[in-house]
4 protein chains.
Amino acid sequence: MGVAKPRETVAKGEPAGSGAKGGRREQLLEVAVELFATKGYAETTMRDIADATGILAGSIYHHFASKEAMLDEILRGFLIPLHERFAAVEREGGGPRETLSELIRISFSCIHDSPHAVAVYQNETDNLLRQEAFAYVGEHSARIEQIWLRVLRAGQESGAIRPDFDAKVAYLFIRDAIWSAVRWYRPGGQLRPETVADQYLDLLYGGLV
Amino acid sequence: MGVAKPRETVAKGEPAGSGAKGGRREQLLEVAVELFATKGYAETTMRDIADATGILAGSIYHHFASKEAMLDEILRGFLIPLHERFAAVEREGGGPRETLSELIRISFSCIHDSPHAVAVYQNETDNLLRQEAFAYVGEHSARIEQIWLRVLRAGQESGAIRPDFDAKVAYLFIRDAIWSAVRWYRPGGQLRPETVADQYLDLLYGGLV
Amino acid sequence: MGVAKPRETVAKGEPAGSGAKGGRREQLLEVAVELFATKGYAETTMRDIADATGILAGSIYHHFASKEAMLDEILRGFLIPLHERFAAVEREGGGPRETLSELIRISFSCIHDSPHAVAVYQNETDNLLRQEAFAYVGEHSARIEQIWLRVLRAGQESGAIRPDFDAKVAYLFIRDAIWSAVRWYRPGGQLRPETVADQYLDLLYGGLV
Amino acid sequence: MGVAKPRETVAKGEPAGSGAKGGRREQLLEVAVELFATKGYAETTMRDIADATGILAGSIYHHFASKEAMLDEILRGFLIPLHERFAAVEREGGGPRETLSELIRISFSCIHDSPHAVAVYQNETDNLLRQEAFAYVGEHSARIEQIWLRVLRAGQESGAIRPDFDAKVAYLFIRDAIWSAVRWYRPGGQLRPETVADQYLDLLYGGLV
DNA sequence: AATGAATGAGAGTTCATTCAT
DNA sequence: TATGAATGAACTCTCATTCAT
């Protein structure tokens with residue numbers, strides 16, 4: 001029930017000099033994230049992942065300690081870099097509006113680059129927060145929220161953003177509007193991520209009217 | 001294999017004059033929708049539902065034909081009335097902006113009244129669309145989308161809404177921003193649904209700047 | 001919902017050169033056919049089969065897709081070879097009386113070799129015919145019946161068999177008399193299958209009087 | 001697991017002066033025997049019986065102590081009178097051949113009158129013999145077998161029947177040929193029971209040749 | 001007599017996981 | 001590394017039976 005303690009296999013990087021060996025690991029992770037995103041984590045079986053990879057279910061355990069370890073690796077690989085990119089943008093210290101725009105552009109490029117990981121993050125976070133082993137998900141999410149709130153409030157103070165609404169509500173509004181796009185945005189589809197980002201920015205700044 | 005045909009017990013209404021009779025059915029449905037929303041449909045077991053209701057798992061089948069039948073009843077009870085309310089607003093034929101505002105207010109009142117059903121709808125729809133028995137979910141969703149699109153386009157034609165962006169993108173933006181609120185909105189919390197609706201309307205119409 | 005498609009494990013043959021490998025599959029089938037014959041298909045549980053084999057019930061599913069798939073394999077393994085043997089005898093084109101005798105001898109040798117499968121076939125066919133997945137049982141049975149009828153009618157025309165009764169009634173009489181022997185015939189008992197066959201042939205041809 | 005001790009309800013006859021009261025009991029028994037014969041005893045649920053009768057499953061227990069009690073009553077109602085009719089024929093002391101013919105005619109008339117009970121007897125006896133509560137089934141069957149054997153042997157001694165085969169084998173041959181007819185004989189069909197009986201007698205006495 | 005709610009045991013089946021090879 | 005057999009717990013669902021009304 002609890003999250004299995006990750007063994008070395010979970011965290012270990014590419015063994016140097018092993019050539020194509022690690023390819024199977026990446027392949028499994030790619031297959032897993034797609035299935036987790038598409039069918040849901042609980043609904044995806046190790047057999048599903050193994051079948052799509054062309055090995056047997058039991059063999060996955062040579063690469064990952066557990067199903068949860070796969071989820072863990074997926075979420076860390078998505079959440080930590082995202083947090084770092086957001087923090088970097090904030091550190092650059094541009095104007096609030098430019099910073100806000102950059103946060104939004106990063107979000108869309110993230111949806112573009114890792115739509116499956118984003119979907120998994122969105123769909124599974126609620127359940128995960130109750131599990132100790134996934135506490136870091138909540139922590140990174142909270143720090144990311146703080147970045148958004150600081151930027152929004154700085155914008156309100158500087159006059160770049162209207163001061164007449166609650167920053168928290170605005171944050172939630174923006175966050176949900178952006179991240180939910182993962183449900184319909186298709187990387188290979190008609191809409192380019194920059195286009196969507198620009199339309200969203202336009203809607204967000206200028207409003208419907 | 002799709003939602004099993006409900007037995008007689010399923011379709012029959014409240015036994016007349018029996019006061020609290022039939023309460024067990026409603027109680028089970030309330031417990032189920034909360035668990036489905038909180039833990040997810042697949043992750044909720046019949047035992048979970050039974051335990052929370054104070055009966056044995058097998059006894060649920062006296063009231064519902066299957067777990068899927070419970071989900072079915074929950075979704076129908078949420079989706080069909082919502083569709084009807086939207087359709088009624090459109091039929092009233094007010095101005096595009098008033099109509100749009102009303103759609104948004106209805107959405108928030110729906111989140112307020114049935115947050116669990118909304119969450120279930122949001123979380124499970126993706127998987128459900130693949131199942132024949134839940135085709136009606138896709139159909140109602142599509143008709144609801146058409147209502148939003150008609151209203152948005154009417155607004156653009158009448159000049160009430162900016163014409164310089166794609167109605168479909170705007171719809172998705174609005175839809176996601178609103179319905180995702182179910183993830184953080186708590187009926188008993190500080191924020192009143194009307195307040196949230198008004199802030200969202202304000203953000204939406206006027207923009208951040 | 002009919003017999004589930006066997007997974008890869010089901011269709012694959014004996015792993016070459018592995019000696020006793022795959023024995024578990026056969027062992028399970030032998031245990032299953034005996035239990036199905038003795039207790040009845042519905043009354044036999046997967047746990048019964050597993051217990052008698054020395055594994056856990058869930059482990060059966062490593063070898064067979066379902067209980068029904070086991071029944072299916074048992075029936076095919078009995079019915080198709082039997083049909084082929086009957087058809088081969090008919091093709092040989094001996095005289096009607098020799099052919100008839102041969103059909104009867106084959107029947108008894110079949111009861112001798114696979115008494116359990118015969119019993120399962122006899123006891124479960126009625127219920128099975130209603131299921132689409134077991135349509136082949138009805139089809140083979142019908143073709144076997146046609147062989148018997150052709151042989152009987154040829155015998156009547158050639159004068160080798162009395163012409164004064166209905167071939168269909170005679171077929172049913174013979175079929176039931178023979179196949180019901182599975183209920184009392186014991187392969188290891190006093191009566192040899194050839195003896196029983198001969199006595200039956202004698203009774204059948206010469207009558208009681 | 002064991003057969004429930006029959007309560008008074010099981011054995012009690014028609015309460016005098018209760019008018020149509022017992023009709024429901026008979027109705028249930030008729031429905032049950034048909035379902036037991038058609039689907040098998042184990043495969044028939046109390047709900048099946050109740051549905052076909054127009055009451056709820058629980059209500060059956062006002063008339064019968066258990067499902068097994070219904071089976072018990074069905075088998076007794078078939079087996080005991082049959083045994084008595086056979087015994088009466090034997091007591092009459094006609095010639096062996098006339099007696100044998102009469103046994104066969106009685107058998108066919110029994111199939112004609114109570115095809116469902118005969119089918120249940122044939123299909124379920126094997127399993128039943130292992131249960132203490134159904135010991136009487138084995139006992140009556142054994143006594144019936146003895147009657148047949150006495151008649152056959154008397155026939156062989158008197159020269160009315162060929163002496164050159166084992167009476168036991170002949171008995172099994174006859175029994176199976178006759179009783180199996182229940183599988184295809186339909187009371188309302190083309191073949192009259194007397195016709196079938198006569199054809200069987202003819203086949204039996206004169207043989208095929 | 002009948003209802004309808006509930007029980008509790010057990011059914012077939014699934015699945016993450018382990019491990020000898 | 002991968003296989004394939006097995007585990008064991010949990011799952012959805014069924015059903016004979018009980019009992020207050």
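By convention in this document, chain letters (A, B, ...) are assigned in the order of the sequence lines, proteins followed by strands, and residues within each chain are numbered from 1.
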Study note, to complete from the structure: Separation of F:dA16 atom P from D:I60 atom CD1, nearest Å, is 9 Å
Point to revise | Any A:M70 side-chain heavy atom under 4.5 Å of A:I49 side chain | key: yes
Point to revise | pair A:T53-A:R24: side-chain heavy atoms closer than 4.5 Å | key: yes
Review point. Separation of B:K39 atom NZ from F:dC11 atom C1', in whole Å?
Key: 12 Å
Review point. Where the side chain of A:M46 is defined as all heavy atoms beyond and including C-beta, which of F:dC13, F:dA16, E:dT17 is the nearest nucleotide?
Key: E:dT17
**Study point:** Separation of atom CG in D:L56 from atom P in E:dG4, rounded to whole Å
**Key:** 5 Å
Practice item. Tell me whether the OP1 or OP2 atom of F:dC13 has a side-chain N or O from B:Y61 closer than 4.0 Å. Key: yes
Exercise for review: Output the distance between atom CG (D:D48) and atom CD (D:E34), rounded to the nearest 0.5 Å.
Suggested key: 12.0 Å
Check your understanding: To the nearest Å, how far apart are C:D48 CG and E:dG10 C1'?
Key -> 11 Å
Check your understanding: What does B:T45 touch in the nucleic acid at a heavy-atom separation under 4.0 angstrom: a base, only the sugar-phosphate, or nothing?
Key -> sugar-phosphate
Point to revise | Value in whole Å for how far the P atom of E:dT17 lies from CD of A:E68 | key: 8 Å
Exercise for review: Indicate, yes or no, whether a donor-acceptor pair under 3.5 Å links the base of E:dG10 to the side chain of C:R47.
Suggested key: no
Point to revise | Complementary nucleotide for E:dT21 - Watson-Crick or wobble, under 3.5 Å | key: F:dA2
Study note, to complete from the structure: pair_partner(E:dT13), Watson-Crick or wobble, both distances < 3.5 Å, evaluates to F:dA10
Point to revise | Nearest-nucleotide 5' precedence on DNA chain E, B:G54 against A:A57 | key: B:G54
Point to revise | Cationic N near anionic O, under 4.0 Å, B:D51 to B:R47 | key: no
Check your understanding: Starting at CG of C:L35 and ending at P of E:dG12, how long is that distance when rounded to a whole Å?
Key -> 12 Å
Check your understanding: Is the shortest side-chain N/O distance from D:H63 to OP1 or OP2 of E:dA2 below 4.0 Å?
Key -> yes
Exercise for review: Please determine if a side-chain N or O atom of C:S59 lies less than 4.0 Å away from the OP1 or OP2 oxygen of F:dT7.
Suggested key: yes
Exercise for review: Considering just the side-chain nitrogens and oxygens of B:H62, establish if one lies under 4.0 Å of OP1 or OP2 belonging to E:dA5.
Suggested key: yes
Exercise for review: Please report, rounded to the nearest Å, how far the P atom of E:dG10 is from the NZ atom of C:K67.
Suggested key: 15 Å
Exercise for review: Would you mind classifying the nucleic acid contact of B:T44 as base, sugar-phosphate or nothing, using non-hydrogen atoms under 4.0 angstrom?
Suggested key: sugar-phosphate
Exercise for review: Using a 4.0 Å heavy-atom cut-off across all strands, classify D:I55 as base, sugar-phosphate, or nothing.
Suggested key: sugar-phosphate
Check your understanding: Is there side-chain contact between C:F36 and C:K67, with heavy atoms separated by less than 4.5 Å?
Key -> yes
Check your understanding: Does some side-chain heavy atom of D:L71 sit less than 4.5 Å from a side-chain heavy atom of D:F64?
Key -> no
Point to revise | F:dA6 phosphate, OP1 or OP2, under 4.0 Å from C:R24 side-chain N/O | key: yes
Study note, to complete from the structure: To the nearest angstrom, the CE-P distance between D:M70 and F:dT17 comes to 11 Å
